[in-house]
Undergrad: 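This is the structure I have questions about; it appears just below.
Bear in mind that the values here come from a model prediction, so they are computed numbers and not experimental data.
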Amino acid sequence: MIECRYRFKDIGWTTIREEFDALICEDRSLMAFSFRNQNMDLKYMIGSIKPEEQLDEFKAFKGENISELSISENHYIGDGIVFRFEDKTGYYISIKYDKEKEDSRKIYYRVYLNKTGWTDFACDGEVCGEQKDEENFITGIQVFSLSKEESLSEEVRAKADERIKVFEKRYKHSFLYSDSRFRNAEKASVNGRIDRELEVDVVENAVILPLRTLDTESRDGIFSGGVCDKDGKFVAGLKRKFEKQTNMSVLEAYEVEDKDIETVDEDVIYGGVIFPGNRRFGHMMIETMSRLWYLVDEKLDEDLTADQKDIRKKAKIAFVILPESDEFTDVFFKLLGIDKDRILVIKKPTRFRSVTIPEQSFILFSNYHDKCNLIYDRMMASVEAKEEKKLYLTRRSFTRYDGANDGLNEEYLEDFFKKRGYTVISPEQHPLEDQVAYMKGADEVVCSEGTLSHLGLFCRRGTKMTILRRSINSYLIPQFMIDEMRGLKSRYVDAHFNILPDSHVDSVFLFGPSECFKEYLKAENISFTDDEVQMDRSLIYDYIIKYTENFKDTDRFESIKKYDIFDLIQTLNKVLNGEFLSRFDYTSTAEELSIENMKLKKKIDSLEKKLEKSEQERKEILNSKSWKITKPLRKITGK
């Protein structure tokens with residue numbers, strides 16, 4: 001599989017994308033891109049529309065179809081090397097791979113031209129793009145691979161087109177503000193859907209280990225534990241970013257002596273990781289439930305043996321729990337029809353006769369499977385829908401586990417939407433059954449981005465959700481996945497006046513009628529008076545005071561320490577002046593050093609190649625006949 005990254009002039013590097021994912025950039029040409037694939041020797045080249053920079057092959061080419069061009073090998077750039085060119089100069093591209101490798105695949109790609117849209121597909125080594133119209137430059141690309149036996153069938157074309165439709169739909173309809181429109185659309189359209197069937201493994205004599213803190217450098221810790229086989233080899237825990245160790249992931253086991261392992265002669269089902277509900281409600285709602293599709297998918301009975309059916313219906317469901325607390329919200333299981341007595345929280349290493357391990361149907365920052373919908377559909381079916389059709393979910397009365405209440409001026413938004421027929425509720429003040437019932441009955445929901453918007457899991461397909469972004473730097477990928485998985489009609493709106501660098505967590509948020517919020521109201525034909533969309537800028541002083549108090553806590557500072565002085569200047573200009581500043585127009589010491597480092601690296605590479613060539617020539621001379629014949633003469637002359 002190919003993974004790609006792209007860099008654009010004003011927004012920098014995109015999310016790492018998998019093959020088939022389309023990438024389109026509004027009004028800005030492609031600046032650079034790189035591949036990541038361990039099994040392919042990928043190379044690429046990008047041409048320029050500037051006549052003086054065109055390759056000789058293009059200057060000499062008189063035909064119409066540029067895919068017929070043959071490009072010299074020296075024009076191609078190696079995998080992972082970033083190639084940058086100036087705005088509006090790139091207009092044709094070619095990608096190729098090393099055909100000599102046994103695992104090579106066919107590389108297909110097409111580019112998006114700002115005037116004429118998507119080109120036809122090109123294959124390994126062909127040239128794709130525009131060569132005559134200097135204004136018809138590349139603003140997007142789609143790359144994917146096929147095995148040597150496969151061809152570009154209608155099925156493959158349909159899959160490629162499907163990903164483009166997902167991107168264009170979100171790009172045109174879901175993001176109604178301007179400052180971060182492309183970056184959000186780009187991240188939201190990354191392909192997160194798992195097309196294959198989910199796997200179910202059965203491990204005999206498996207051991208389930210309670211979690212231990214493995215690393216404390218991440219925000220909440222990285223853990224070891226989960227399921228391992230009879231030999232202690234890790235089998236299952238908690239994935240979050242594919243197979244990468246990241247905050248709160250569980251991707252390895254730990255050693256334990258046999259005498260410390262309790263043996264229970266039972267078959268169990270591994271449920272995953274429980275997130276304490278008083279602090280991790282959103283993660284409990286998504287990640288803890290992720291493997292339980294196995295219990296509600298009735299179609300599975302067709303392929304299971306009698307013993308497997310019995311295990312699925314009656315066996316205990318074994319969980320491990322984050323070390324921070326033993327408390328959790330068992331109502332989630334109740335709404336799924338799972339009796340409380342079936343829930344088993346592992347407190348010490350325990351060996352079972354067998355452990356059935358359903359695959360995760362939702363990997364928080366990576367993938368989801370349609371079977372995940374079975375979980376929330378079953379929970380929704382267990383409650384009667386409320387009558388309220390328009391909801392505003394507020395977090396104003398919510399106090400976090402650490403005592404912080406990080407929102408300012410949300411009463412403005414409550415009042416605005418209440419006047420337009422929305423019922424304002426604080427979800428945390430209602431039992432979970434009622435929260436599900438409210439969401440099930442709603443046609444329209446407005447809320448801030450985060451756990452509140454994750455309640456969209458309990459909405460009917462087609463429900464309109466307006467998600468108010470409270471952070472200028474936050475891109476909540478799990479919410480994008482929820483939107484696509486549950487078929488929500490989502491609108492994302494910047495509705496804040498945060499003038500200082502922030503993050504989705506551990507920050508302070510000043511809500512208010514931003515320019516983006518006004519654009520949203522106009523786009524949705526929501527009438528308003530000028531007085532209703534005036535921001536009380538005196539609140540900025542209160543915001544700064546609270547911000548200063550908040551980041552006296554060094555633990556919270558971790559979430560914003562990556563931002564520099566440019567981020568501060570850029571944020572101030574965005575919020576107060578409505579201007580977007582490009583980092584490409586500013587240079588920092590770090591960037592200058594990085595550029596200098598790249599130049600030195602290229603120089604070193606060049607010298608190493610020369611040295612290698614010289615060494616080869618030296619060996620050839622030493623092994624030559626003339627060198628051996630003249631050996632006595634050299635002894636006499638000393639040369």
Undergrad: Is the distance from the ring center of F167 to that of Y112 below 6.0 Å?
TA: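 Ring-ring flag for F167/Y112: false, centres at least 6.0 Å apart.
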
Undergrad: Please report the shortest heavy-atom distance between Q142 and A160, naming the atom on each side.
TA: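 In terms of heavy atoms, the two residues are closest at NE2-O, 3.0 Å.
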
Undergrad: Tell me the closest heavy-atom pair linking K371 and E197, and the distance in Å.
TA: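 Reported closest heavy-atom pair: CE-OE1, 3.4 Å.
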
Undergrad: Scan V445, L393, V446 and name whichever one has a side-chain contact (heavy atoms from CB on, under 4.5 Å) with M465.
TA: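 Of the listed residues V445, L393, V446, the side-chain contact (heavy atoms from CB on, under 4.5 Å) partner of M465 is V445.
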
Undergrad: Taking the side chain from R470 and the backbone from E449, do they hold a donor-acceptor pair closer than 3.5 Å?
TA: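 It does hold such a pair.
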
Undergrad: Please determine whether salt bridge (charged side-chain N to carboxylate O under 4.0 Å, His left out) holds for the pair K489 and E444, giving the CA-CA distance in whole Å, both sets of side-chain angles, and the decisive distance to 0.1 Å.
TA: CA-CA 9 Å; K489 294 181 178 178; E444 298 181 29; over 6 Å; no

Undergrad: Is Q360 reaching over with its side chain to a backbone N or O of S290, donor-acceptor style, under 3.5 angstrom?
TA: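 Pair absent, no side-chain N/O of Q360 close to backbone of S290.
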
Undergrad: When the aromatic ring centroids of F223 and Y254 are compared, is their separation below 6.0 Å?
TA: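 No: the rings miss the under 6.0 Å criterion.
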
Undergrad: Got a donor-acceptor contact below 3.5 angstrom from the R353 side chain to the D265 backbone?
TA: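 Checking the backbone N and O of D265 against the side chain of R353, a donor-acceptor pair under 3.5 Å is found.
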
Undergrad: Short question: side chain of N373, backbone of M485 - any donor-acceptor pair under 3.5 Å?
TA: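 Present.
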
Undergrad: Spell out, as yes or no, whether a donor-acceptor pair under 3.5 Å connects the side chain of T350 to the backbone of I208.
TA: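 Such a contact is absent between T350 side chain and I208 backbone.
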
Undergrad: Donor-acceptor check, side chain of R240 to backbone of N247, threshold 3.5 angstrom: yes or no?
TA: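 Judged by distance alone, yes, a pair lies under 3.5 Å.
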
Undergrad: Please determine whether ring-ring contact (aromatic ring centres under 6.0 Å, His included) holds for the pair F332 and F275, giving the CA-CA distance in whole Å, both sets of side-chain angles, and the decisive distance to 0.1 Å.
TA: CA-CA 12 Å; F332 283 101; F275 287 78; over 10 Å; no

Undergrad: Answer yes or no: is there a donor N or O on one side and an acceptor on the other, between the side chain of Y44 and the main chain of F35, under 3.5 Å?
TA: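 Not confirmed, Y44 side chain does not pair with F35 backbone.
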
Undergrad: Looking only at heavy atoms, what is the nearest atom pair of L336 and I375, with distance?
TA: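 Closest approach of L336 to I375, heavy atoms only: CD2-O, 3.4 Å.
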
Undergrad: Applying side-chain hydrogen bond (donor to acceptor under 3.5 Å, both in side chains) to D483 and S490, what does each step give before you reach the verdict?
TA: CA-CA 7 Å; D483 295 343; S490 299; 3.0 Å; yes

Undergrad: Return all side-chain donor-acceptor pairs below 3.5 angstrom for residues 377-385, not counting sequence neighbours, or 'none' if the list is empty.
TA:
from: D377; atom 1: OD1; to: R486; atom 2: NH1; distance (Å): 3.1
from: D377; atom 1: OD1; to: R486; atom 2: NH2; distance (Å): 3.1
from: R378; atom 1: NH2; to: V296; atom 2: O; distance (Å): 3.4
from: S382; atom 1: OG; to: L335; atom 2: O; distance (Å): 3.3
from: S382; atom 1: OG; to: M379; atom 2: O; distance (Å): 2.6

Undergrad: Would you confirm whether D229, through its side chain, and D231, through its main-chain N or O, come within 3.5 Å as a donor-acceptor pair?
TA: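 Present.
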
Undergrad: Could you walk me through whether R312 and D301 pass the salt bridge (charged side-chain N to carboxylate O under 4.0 Å, His left out) test, one step at a time?
TA: CA-CA 9 Å; R312 196 170 78 90; D301 282 345; 3.0 Å; yes

Undergrad: Between Y270 and Y294, does the ring centroid distance fall short of 6.0 Å?
TA: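 That pair fails the under 6.0 Å test.
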
Undergrad: Below 4.0 angstrom, N of the basic side chain to O of the carboxylate: do D21 and R163 qualify?
TA: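 Salt bridge flag = yes for R163 with D21.
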
Undergrad: Only distances under 3.5 Å count here; give the side-chain donor-acceptor pairs of residues 450-459 to other protein atoms, sequence neighbours excluded, each with its distance to 0.1 Å.
TA:
from: S453; atom 1: OG; to: G450; atom 2: N; distance (Å): 3.0
from: S453; atom 1: OG; to: G450; atom 2: O; distance (Å): 2.8
from: S453; atom 1: OG; to: Q479; atom 2: OE1; distance (Å): 2.8
from: H454; atom 1: ND1; to: G450; atom 2: O; distance (Å): 3.4
from: H454; atom 1: ND1; to: Q479; atom 2: OE1; distance (Å): 2.8

Undergrad: Between the side chain of E19 and the main-chain N/O of F144, is any donor-acceptor distance below 3.5 Å?
TA: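 It does not hold such a pair.
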
Undergrad: Between R460 and D443, does at least one N-O distance fall below 4.0 Å, as a salt bridge requires?
TA: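 D443 and R460: salt-bridged.
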
